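Whatever order the structure lists them in is the order used to number ligands and atoms, beginning at 1. Here the structure is a predicted model, which means the values were calculated and not measured.
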Amino acid sequence: MLVRVLVEVKALKEKTFIYSVPKNLQDRLEIGVRVQVPFGKRNIYGLVIDYAYDSEYETRDILDILDDSPIFSKELIELGKKMSEMYLCSLISSYESMLPSALKFNNNNIKIKYETFYKLEKSIENPTKGEKNILDLFVSSKEISSKLIKNRAILKRLVDNGVLKKELHENYRLDYNFIKQDMKVLTKAQNTAYNEILNTDKLITLLRGVTGSGKTEIYVHLVNEVIQKNKTAIVLVPEISLTTQLIDRFRGIFGNNIAVLHSSLSDGERYDEWRRIKSGKVSVVIGTRSAIFSPINNIGIIIIDEEHEDTYKQENNPKYRTLDIAIERAKYSNAKIVLGSATPSLESYAKAKVGRYNLVELLERVNSISLPKVYIIDMKDEMKKGNSILSSLAINLINDRLNRKEQIMILINRRGYSNYIMCNECGNVLKCQNCDISLTYHKSNDTLRCHYCGYATVKPNVCPKCGSKYLISKGIGTEKIEEYLYDKFKARIVRMDKDSTTNKGMHEKIINDFNNYKYDILLGTQMISKGLDFKKVSLVIVLNGDSNLNIPDYRSAEKTFNLLTQVSGRAGRNDSVGVSIIQTYNPSHYSIIYSKNHDYISFYNKEIQIRKKLNYPPFCKLVAVRIISSDYDTGNNEINKICKYLKNKLDIKYTILGPSVSLKVNNTYKFQIIIKYKDNDELHSILNDIQLNAKISSNSKIDIDFNPIKL
Ligand code: ADP
Ligand code: ZN
Ligand code: ZN
C-alpha cells in the first residue's frame with residue numbers, strides 16, 4: 001500500500017512524497033490522517049492526501065499514525081488541493097488555514113482535557129457505610145463525576161472490585177450560559193423573503209434588507225428549517241465585535257446545538273469547538289471567515305451576513321474569498337448560499353440584477369419603524385462658527401437626548417488621542433522607526449504608537465531633531481473626543497476601539513453595559529458602525545464622514561456609502577424616530593448625498609456607471625502581483641523585471657497598471673502591479689510559472705493576490 005504524504009520542509013518546493021504503509025498500520029490508514037515519516041535523517045510529520053499506485057523511487061515506511069480518525073474529510077482534502085490551484089499557494093498553507101492551530105502539523109502541545117466519570121456496573125451486598133454513601137449517588141444519576149466523590153480510597157476499592165467503572169469524557173473548555181428564547185413569528189415581508197430563499201433553484205440568494213428589516217430572524221428560521229431536515233448550517237459574520245448580539249440570538253434559539261469559532265478564542269478553546277463540530281455534536285457553526293472550513297458534513301445552508309465586508313477576504317496565503325470557498329462547499333453538499341446585507345457589494349448586486357443570483361429585497365423595517373432622518377453638516381461652515389469637533393446641531397441634540405434619557409452613538413474613524421505630533425519650531429513630524437508613517441499619541445499611557453507595525457515609545461519631551469520643547473499634537477482621535485465629551489456634557493461615556501478592547505471579553509462587556517443603560521454615550525471607531533441593535537439609541541453622529549473618501553481606492557465611494565448607511569441604521573431601531581448626523585467637509589459627494597436617503601439603488605446606478613467608464617470591477621477582474629522587499633532598490637528592480645516579462649507575454653486583452661510602491665511599513669516595501677482581466681485561463685498559468693520559476697533575490701519575495709482588497 002502506497003500513499004502520498006504532504007510534509008513541511010522549508011527548503012523544498014516539492015512537498016509531497018510517496019511512502020509505503022507497513023502491514024500493522026494499514027487498517028488504520030485513511031486519507032486525511034496525520035502521520036510520522038522518516039525524512040532524510042529526521043522523523044517529521046505529514047498529512048496523507050492521496051493513495052498512490054506506483055513510485056519512481058524506492059519508498060520508505062510510514063512510522064506512525066497520529067490520528068484515530070482523519071482530521072480532514074475527503075471533501076476538505078479535495079478543497080485544499082483546489083485552493084492551492086486557485087490561489088497559487090502551497091498545499092501546506094491551504095490545509096493549515098483549515099485547521100485550528102492545535103492541529104498544525106508539528107504542534108502537539110494542546111491536550112484534550114478529560115473529566116473522569118463513574119458508572120455502576122454491578123451491585124454489592126451489605127455495603128459498608130462509606131460504600132453506601134457513594135453508591136447512593138447513583139440512584140438519581142447513571143454517571144457521577146469524580147468531582148462529587150470525596151472518599152478516594154473507597155472509590156478505588158469499588159473500581160478494583162468491578163462495582164464501578166471509570167470512564168473519561170472529553171471536556172470542553174468553553175461553558176455557555178444562555179436564556180432560552182423563542183423564534184419570532186415572521187412578518188409578512190419576512191415570510192415572503194423566507195419562502196423566496198427556500199424555493200429558489202439558484203445556488204446563491206442575495207438578501208438585501210435595509211438596516212432593521214429583520215434579516216437575523218430570517219436566518220434563524222432558515223437554519224431551523226435546515227435542522228428539521230437533519231442537515232447542518234454555517235453562519236458567517238465579519239467580525240466578532242459585530243457578532244455578540246447575533247450569537248446570543250442563535251444561542252437563545254438553538255442552545256448547545258451551535259458551535260462558535262472566532263479569532264478571540266484561545267487555541268485550546270478553538271480546538272474544543274472544532275472537535276465538537278467534528279464529532280457531529282452540533283448542527284450549526286457560527287464564526288468568522290475561517291469557519292467556512294468547519295469539519296461539518298451534510299451542509300444545508302451557508303449564510304454570509306454583511307457580505308460586503310472586507311474581512312471575508314483573507315490577506316495571507318491562501319488569499320481566498322470566503323464566497324469562493326462557500327460555493328465549493330455548497331456544491332459538494334447541494335446546499336444553498338445566502339448573502340445578506342443592507343448595502344451589498346457592487347459586484348454582488350450586479351450579479352443579482354442580471355439574474356445570476358436570486359435577488360430578495362426587504363425594503364422596510366420590521367413593524368414599519370421609519371429609517372432614521374439623516375442630517376448632513378458641512379464642517380467648513382461650522383469651522384467658521386468656531387465648532388471644530390461637534391456642529392451646533394450635534395451639541396443641541398446630544399443635550400436633548402441626555403435630557404430624555406436616550407442613548408447616543410458617536411463614530412470617529414481614528415483611535416488614540418491625536419493623529420500626530422509636530423515640532424512647532426522646525427516642523428518635524430515624529431515618525432515610526434520602522435515605517436514611513438507618523439506616530440499617534442495615546443494619552444492614557446503617554447506613548448507614541450505606530451498603528452501599522454505596533455511600535456511604541458514614550459513621548460519625548462523635546463523634538464528629536466532640533467531639541468525644541470514646543471511639540472504640539474495635531475488632529476483628533478477617540479481618546480481626545482472622550483475627554484472633550486466628558487468636559488462638555490458630563491455624561492456617562494464608554495469608548496470602544498482597539499485599545500479599549502484588547503482584554504478578552506471587553507467587547508461583550510461594553511456592548512452589554514451600554515445595552516443595559518450603564519452609559520449615555522458609546523464612542524467608537526468603525527467597530528461600532530455595524531450589526532449592533534440598541535433599543536434606546538436615538539441619535540448617531542459621524543464625526544468625519546468623508547475619511548474613507550480620501551483613501552485612493554476605486555472603492556472609496558462604496559466604502560463611504562456603506563459606512564454611513566450602516567451607522568445611520570443604528571439609530572431609532574425601536575419606536576422613536578432616530579436621527580443621524582453626518583459631519584463632513586465633502587457634503588456634496590454623491591456617496592454622502594445618497595446615504596442621506598438610504599438610497600442604495602441610486603448610489604448603485606451612479607457608481608456602476610463610473611466603474612464601467614473606468615473599467616473596474618465588476619466590469620473586469622483584478623490580480624495584484626507584488627514584490628515584498630526589505631531593500632528598496634532590489635524590490636524596484638525585481639518588480640520591473642516582472643512587469644516587462646508580463647507586458648511581453650500578455651496581449652491587449654489585459655491592462656497592466658504600475659508598478660507602484662507603498663510607504664515603507666515594518667521596514668519592508670511593497671511594490672505592486674495590478675492586472676485587469678476578463679478571463680483568467682492564460683493569465684493563471686503565466687502567473688503560476690512566475691511564482692514557481694522566477695529567480696528572485698533572497699531579501700525579496702513574490703506575492704500574488706487575486707481580487708485584492710487594497711490597491
Ligand atoms: P437587520 O439584521 O436586518 O438589521 P434585525 O434582525 O436586527 O435587523 O432586526 C431588527 C429588530 O426587529 C430586532 O430588534 C428584532 O428583534 C426585531 N424583529 C425582527 N423580526 C421580527 C419579527 N418577526 N417580529 C418582531 N420583531 C422582529
Ligand atoms: Zn524640531
Ligand atoms: Zn511602524
Under 3.5 Å: N/O of Gly209 near N/O of ligand 1: no
Geometric class of the Phe561/Phe603 ring pair [parallel <30°, tilted 30-60°, perpendicular >60°]: parallel
SG (Cys463) - the Zn ion (ligand 2) - SG (Cys466) angle, nearest 10°: 110°
Pair Ser538-Gln407, side-chain donor/acceptor within less than 3.5 Å: no
Check against ring-ring contact (aromatic ring centres under 6.0 Å, His included), Tyr594 and Tyr604: CA-CA 10 Å; Tyr594 289 132; Tyr604 172 85; over 10 Å; no
Which of the ligand 1 atoms, numbered from 1, are nearer than 4.0 Å to a heavy atom of Val210: 3 (O)
Numbering as shown, the atoms of ligand 1 that approach Glu217 to under 4.0 Å (heavy-atom distance): 20 (N)
Passing candidate, side chain to side chain donor-acceptor pair (under 3.5 Å) with His308, options Ser345, Ser341, Ser348: Ser341
Those atoms of ligand 1 less than 4.0 Å from some heavy atom in Lys535: 14 (O)
Vertex the Zn ion (ligand 3), arms to Cys432 SG and Cys435 SG, rounded to 10°: 110°
NZ/NE/NH1/NH2 to OD/OE distance under 4.0 Å, Lys229 and Glu225: yes
Numbering as shown, the atoms of ligand 1 that approach Val185 to under 4.0 Å (heavy-atom distance): 22 (C), 23 (N), 24 (N)
Val366, any N or O under 3.5 Å of ligand 1 N or O: no
Option among Arg626, Lys319, Lys670 that satisfies the salt bridge (Lys or Arg N to Asp or Glu O under 4.0 Å) test with Asp705: Arg626
Asp497/Arg415 ion pair, N-O < 4.0 Å: no
Atoms of ligand 1 close to Thr187 [distance to a heavy atom under 4.0 angstrom, numbered from 1]: 23 (N)
Region of Gln190 engaging ligand 1 - heavy atom pairs below 4.0 Å: side chain
N/O separation below 3.5 Å, Thr211 to ligand 1: no
N-O pairing of Arg555 and Asp310 below 4.0 Å: yes
Metal-centred angle, SG of Cys423 through the Zn ion (ligand 2) to SG of Cys426, rounded to 10 degrees: 110°
Part of Lys215 with heavy atoms under 4.0 Å of ligand 1, whether side chain, backbone, both or neither: both
Salt-bridge present (Glu347, Arg321; N to O < 4.0 Å): yes
The Zn ion (ligand 3) to nearest N/O/S of Cys450 below 2.8 Å: yes
